[in-house]
There are 4 protein chains.
Amino acid sequence: MIDETLRNVPVGVVGCGYWGPKLVRNLQSLPGADLRMVADLDADRLAHVRGLYPAVRTTTSYDDLLASPVEAVVVATPVATHYDMARRALLHDKHVLVEKPLTNESSTAQALVDLARERNRVLMVGHTFEYNPAVDYLKDYIASGKLGKVYYINCTRVNLGIFQKDINVIWDLAPHDVSILLYLLGLKPETVSARGAAYVQPEIEDVAYVTLNFPNGVMADVRVSWLDPCKIRRITVVGSKKMIVYDDVEPTEKIKIYDKGVDAPPYSDTMEQFRLSYRYGDITTPAIPGSEPLAVETAHFVACCREGATPRSNGQVGWQVVKILEGAQHSLDNAGAAQEITW
Amino acid sequence: MIDETLRNVPVGVVGCGYWGPKLVRNLQSLPGADLRMVADLDADRLAHVRGLYPAVRTTTSYDDLLASPVEAVVVATPVATHYDMARRALLHDKHVLVEKPLTNESSTAQALVDLARERNRVLMVGHTFEYNPAVDYLKDYIASGKLGKVYYINCTRVNLGIFQKDINVIWDLAPHDVSILLYLLGLKPETVSARGAAYVQPEIEDVAYVTLNFPNGVMADVRVSWLDPCKIRRITVVGSKKMIVYDDVEPTEKIKIYDKGVDAPPYSDTMEQFRLSYRYGDITTPAIPGSEPLAVETAHFVACCREGATPRSNGQVGWQVVKILEGAQHSLDNAGAAQEITW
Amino acid sequence: MIDETLRNVPVGVVGCGYWGPKLVRNLQSLPGADLRMVADLDADRLAHVRGLYPAVRTTTSYDDLLASPVEAVVVATPVATHYDMARRALLHDKHVLVEKPLTNESSTAQALVDLARERNRVLMVGHTFEYNPAVDYLKDYIASGKLGKVYYINCTRVNLGIFQKDINVIWDLAPHDVSILLYLLGLKPETVSARGAAYVQPEIEDVAYVTLNFPNGVMADVRVSWLDPCKIRRITVVGSKKMIVYDDVEPTEKIKIYDKGVDAPPYSDTMEQFRLSYRYGDITTPAIPGSEPLAVETAHFVACCREGATPRSNGQVGWQVVKILEGAQHSLDNAGAAQEITW
Amino acid sequence: MIDETLRNVPVGVVGCGYWGPKLVRNLQSLPGADLRMVADLDADRLAHVRGLYPAVRTTTSYDDLLASPVEAVVVATPVATHYDMARRALLHDKHVLVEKPLTNESSTAQALVDLARERNRVLMVGHTFEYNPAVDYLKDYIASGKLGKVYYINCTRVNLGIFQKDINVIWDLAPHDVSILLYLLGLKPETVSARGAAYVQPEIEDVAYVTLNFPNGVMADVRVSWLDPCKIRRITVVGSKKMIVYDDVEPTEKIKIYDKGVDAPPYSDTMEQFRLSYRYGDITTPAIPGSEPLAVETAHFVACCREGATPRSNGQVGWQVVKILEGAQHSLDNAGAAQEITW
């Protein structure tokens with residue numbers, strides 16, 4: 001009898017553009033994983049990988065990777081190819097980790113979920129922020145009740161570049177915030193709307209605003225831009241008891257909890273009696289572990305492969321995110337009109 | 001023959017709540033103005049004013065003020081009363097400075113504009129930021145062409161408090177940003193949309209997002225909130241050549257000009273040839289004069305009264321702002337659907 | 001029988017340069033004080049005071065003020081005149097509040113302390129920061145034991161300007177930090193040393209560093225400069241259990257308490273066993289009341305005058321500060337050699 | 001005939017504690033270098049290196065490394081061993097790069113300089129900041145005359161940890177600032193003084209202040225601490241025309257040039273005529289290349305080895321830094337008395 005926990009999972013990566021090399025670096029040094037092969041159409045990129053990691057085989061043919069004995073495939077190719085790449089890997093009975101977003105339409109996302117279930121394989125999406133210790137802290141804090149009722153959430157994710165040419169800024173950046181929102185709230189939005197504009201490349205929006213309306217009146221707004229002078233990655237969560245700012249750009253003080261709020265009297269006979277009292281209390285910056293989210297994510301993927309477990313950011317979650325992005329796209333194409341999302 | 005430029009304009013103020021005392025302080029020390037009388041319904045507030053400025057008369061009756069020989073009236077009462085207060089002052093042939101917004105509906109704003117023209121009196125709105133040296137710097141910079149074509153503008157104006165009970169956060173805070181946008185761009189928006197939610201007081205939105213679409217594809221977004229842990233007053237103007245951030249909370253470095261951008265090639269035969277080149281150049285923080293906007297604004301009002309000139313933030317501008325807010329309110333009441341504004 | 005607590009103390013101010021007008025403004029609106037007269041050699045400044053506060057009498061003769069029935073005199077004249085101004089006021093049986101530093105040599109400071117005791121009058125020095133709520137918070141925190149043993153304190157107080165022409169930057173800015181240190185620690189330093197240089201005005205140091213060695217190994221360093229591009233007013237207090245930064249330039253988050261430190265084992269057999277364990281815990285920003293220190297200071301002075309009480313920043317404390325500055329000056333004049341201070 | 005410029009220099013590293021792995025990583029990917037062997041007494045560290053770079057040989061014997069055909073040795077062992085390690089490498093005719101400081105006394109530093117000259121080998125010290133693009137920018141700016149006459153420089157380098165057990169904080173952190181100062185000014189200090197205290201480990205100062213007096217009245221102060229809650233790496237250079245702040249902790253805006261200063265009139269008949277006029281102009285943040293200093297440093301070392309050139313941070317410079325640190329140590333041991341440095 002083999003001790004399964006001692007066995008390394010053989011893994012391959014397809015796609016070595018911007019994000020792929022980060023995955024390769026993490027998988028290469030990950031206990032429990034055995035990075036065997038990297039595939040990309042560009043021979044120069046493959047040469048670079050071999051220079052760094054002489055033990056890793058490389059190929060320009062995805063078929064080679066699929067035919068190899070790797071048990072898990074990590075897909076880091078352009079979004080438009082995600083569905084095909086992941087589908088073929090599942091048909092070869094590989095476990096699959098797909099970069100976010102899972103696919104570019106909800107029907108193909110659903111098809112992947114179904115196929116993975118059929119083949120009994122792990123299907124996971126690279127929603128990195130679900131593996132970020134600061135986001136975990138936020139989730140625990142909300143769940144503990146210390147924030148009170150969640151009122152609203154504001155997300156800003158802007159920077160100069162990197163422009164994509166096959167997807168707009170919503171499909172590129174908003175998956176992060178949408179997956180964070182689903183993870184934090186444990187709720188699915190009822191409606192979505194979006195507004196945006198394309199300045200640098202025709203018809204590819206580089207600036208956009210997305211509004212999500214969740215049950216219980218929770219409103220979440222997401223601002224994304226490839227065209228801003230400052231790098232801002234900031235999430236404000238306002239609750240009835242506390243308010244939190246999560247600033248991912250801060251090197252150490254990522255989360256600040258404000259003991260601030262408005263305490264309205266339970267009722268008042270007349271508007272004149274109505275008074276609001278403001279609370280301005282202490283601010284606390286908790287110590288957050290400094291672990292690298294991508295390391296946690298890849299370790300989680302490999303553990304799920306080995307144990308046959310369902311990942312946190314599983315295909316189902318990936319499909320939900322795609323469905324919301326799809327709704328946002330419809331709204332964008334219809335002058336910002338709110339779209340209901342039918343779950 | 002009297003030298004008109006030596007004569008002080010006798011002025012009265014009605015309304016001594018949050019903003020009134022600031023106007024009183026500025027008018028009291030303003031060369032060219034002679035603050036004669038302050039009216040308010042609350043005798044305690046008036047006693048406080050007399051304590052600070054023994055020479056100023058006070059009254060709880062607006063009629064007293066209107067009957068007095070003051071030539072100009074400054075209206076700092078709740079928004080719902082602006083129309084009536086300003087109308088009565090104009091009917092008594094007083095010049096009028098009304099706090100922003102001019103009124104709470106465009107029809108009454110228009111009526112005040114007409115009445116002022118008829119009576120040949122000055123009608124001005126307290127759009128303070130049009131008298132802010134940093135906003136002037138921005139306007140001049142855009143006009144100089146150095147920013148290139150204006151792409152989009154993002155405005156954030158949030159804080160904890162002060163909640164209003166007769167108007168929502170759009171009517172309270174957005175007049176600042178809308179008047180700044182009109183002033184900077186010299187354009188009127190074609191459509192407006194808004195989303196918001198009410199958390200602390202039923203049916204009075206305390207959090208809202210407004211989108212304005214201007215001619216030439218310029219998009220402007222305004223985020224306003226009474227319910228945020230941080231005080232943020234920040235405007236980002238992105239142009240084809242430069243990007244500017246104006247942070248009004250910064251004590252000294254209010255404006256930063258970023259020599260940043262994306263230079264796309266004029267054309268490319270194939271998508272593969274398509275390359276974007278990013279420009280990351282110097283950042284410049286210009287020295288901005290430290291003059292107090294309210295002092296500039298009140299001095300401008302008094303000068304217009306004396307000279308019969310048309311103020312920068314005149315009634316016509318005030319009407320435009322109200323018309324835009326009205327459109328935003330309609331959108332808010334219709335699930336965020338974009339509203340055309342007919343000029 | 002008169003209810004003494006209802007009586008306003010009649011007060012006069014001498015000196016209306018940079019700091020005087022701030023004192024005048026505070027005294028003018030202070031319950032319990034009756035600002036009667038302001039003296040200055042410059043008639044224009046006096047005219048300005050009368051414009052703001054028509055009820056206040058002004059004079060260019062200090063004798064007028066001394067002859068008047070004011071019971072308390074506030075001295076805000078150049079440092080070189082402090083001794084004479086304060087002495088004459090005490091000889092006229094006035095209570096006296098002198099701007100910091102008390103005088104420019106310890107012998108005259110001592111003489112004022114003796115004279116005030118003899119005349120049974122209040123002698124207070126304007127060590128504003130002893131009335132600053134953030135400094136009070138620091139003092140209480142240290143006293144509570146939560147900081148552990150105080151290791152060392154670093155103070156930085158730099159800016160561009162305002163250059164003095166009769167005293168160097170140590171006598172101008174360091175009184176703030178020295179008075180804060182005495183107040184926080186409740187200890188007197190055993191030695192002092194100082195280094196500095198004069199760049200803009202010959203022989204008047206505009207940049208300087210002062211080191212104080214207190215009992216128990218506490219070291220405190222003070223950096224002062226009139227010639228720095230940034231305004232920094234920052235005090236770091238490092239203790240065995242916690243570390244605190246007090247940043248007076250921060251508009252709201254003035255104090256940050258860091259749960260950080262190094263926990264060395266009590267002993268170790270060999271150097272190789274020696275390990276230091278670092279503690280990186282939460283950061284807390286306490287809510288600090290926003291009261292204006294000068295308002296608290298002037299109210300405390302007037303209360304002491306009325307009740308015959310000894311002020312917190314009394315003449316004795318003022319003498320200690322001058323004695324330390326005198327030692328620093330000796331060190332500065334002797335290439336930075338440490339000076340013992342004999343108490 | 002061999003094209004020397006195409007040949008890779010075979011290199012070995014001794015010492016794999018905190019800094020060694022960074023050197024290994026840089027050398028491993030450096031074009032022109034061929035990292036052959038790594039030596040350390042700790043077998044676990046060597047195993048870790050082999051895991052990352054399977055092609056690199058490792059050894060626990062420095063003799064192995066010296067006997068190998070590597071042409072250059074990088075010494076990253078504890079400071080007390082630098083002299084012996086570097087001497088033996090030179091005696092084996094290897095080029096040597098020694099981590100800062102070169103040695104722990106000026107006599108041994110001088111001996112290494114002499115030996116390297118004798119053997120005609122490259123001797124370089126790892127003064128990383130001399131290869132930092134921001135420091136280069138500062139040096140060029142000063143050299144251009146745009147800063148005017150340099151008045152004074154203030155350096156702060158503090159953090160929590162990492163405590164050393166064989167050297168105090170001056171020998172650990174101040175080499176950075178001292179080498180930067182020598183590089184920027186092109187001058188050698190005439191005197192040095194230092195004050196410090198030991199809180200965590202007996203007799204090993206963890207907090208210290210060093211003052212350097214350069215010719216022409218330039219004063220430079222260095223604050224170093226292992227015991228501060230904040231990571232600060234900040235250098236302020238004040239000149240007669242401009243002031244610059246270099247903040248190494250800032251991710252992108254590392255340098256700010258302030259057009260600020262004081263313009264005194266050339267003379268004045270009386271002190272009363274004396275007026276200072278302050279200049280508050282623009283602030284400029286230049287775009288600085290983002291190259292990693294250690295990559296530049298190691299490339300420079302390898303280029304010097306190949307070409308037989310003298311490195312920027314050569315042994316002579318390393319000796320100067322050690323001589324200054326030695327002076328600071330003498331001052332520290334003598335209550336801060338200023339020490340003359342004889343060059």
Side-chain angles (χ1 to χ4, degrees), chain B residues 132-148 154 232-263 276-293 295-296, chain D residues 132-148 154 232-263 276-293 295-296:
Chain B
N132 187 308
V135 175
D136 267 329
Y137 186 94
L138 267 182
K139 184 178 173 62
D140 291 348
Y141 195 88
I142 293 172
S144 76
K146 283 184 271 185
L147 188 90
N154 180 273
I232 309 177
R233 291 177 171 192
R234 188 179 163 104
I235 295 181
T236 305
V237 184
V238 172
S240 58
K241 295 184 183 165
K242 295 278 169 62
M243 302 180 178
I244 299 190
V245 174
Y246 159 38
D247 184 344
D248 194 59
V249 171
E250 266 289 318
T252 54
E253 305 179 16
K254 291 194 183 295
I255 286 186
K256 288 192 173 186
I257 303 169
Y258 296 81
D259 181 14
K260 282 190 171 181
V262 182
D263 302 317
L276 298 172
S277 88
Y278 300 93
R279 186 165 26 83
Y280 297 94
D282 293 359
I283 307 169
T284 308
T285 303
I288 304 284
S291 39
E292 186 186 354
V296 179
Chain D
N132 187 307
V135 175
D136 267 329
Y137 187 94
L138 267 181
K139 183 177 173 62
D140 291 348
Y141 195 90
I142 293 171
S144 75
K146 282 184 271 186
L147 189 90
N154 180 274
I232 308 177
R233 291 175 170 194
R234 189 181 160 103
I235 296 182
T236 304
V237 185
V238 172
S240 58
K241 293 184 184 164
K242 294 279 168 60
M243 302 179 176
I244 298 191
V245 174
Y246 159 36
D247 183 345
D248 194 59
V249 172
E250 266 288 320
T252 54
E253 306 180 15
K254 291 196 182 294
I255 288 188
K256 288 192 174 186
I257 304 168
Y258 295 80
D259 181 15
K260 283 188 172 183
V262 182
D263 302 315
L276 298 173
S277 88
Y278 301 93
R279 184 166 26 83
Y280 298 93
D282 292 359
I283 306 168
T284 307
T285 303
I288 304 283
S291 38
E292 186 186 352
V296 180

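Numbered from 1 within each chain, the chains take letters A, B, ... in sequence-line order.
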- Task: Heavy atoms only, distances under 4.5 angstrom: which of B:T284, B:I257, B:D259 has the most pairs with chain D? Name it, please.
- Result: B:T284
- NZ of B:K256 to OG1 of D:T285, rounded to nearest 0.5 Å, is 6.0 Å
- Euclidean distance, D:I283 CD1 relative to B:T252 OG1, rounded to 0.5 Å: 6.0 Å
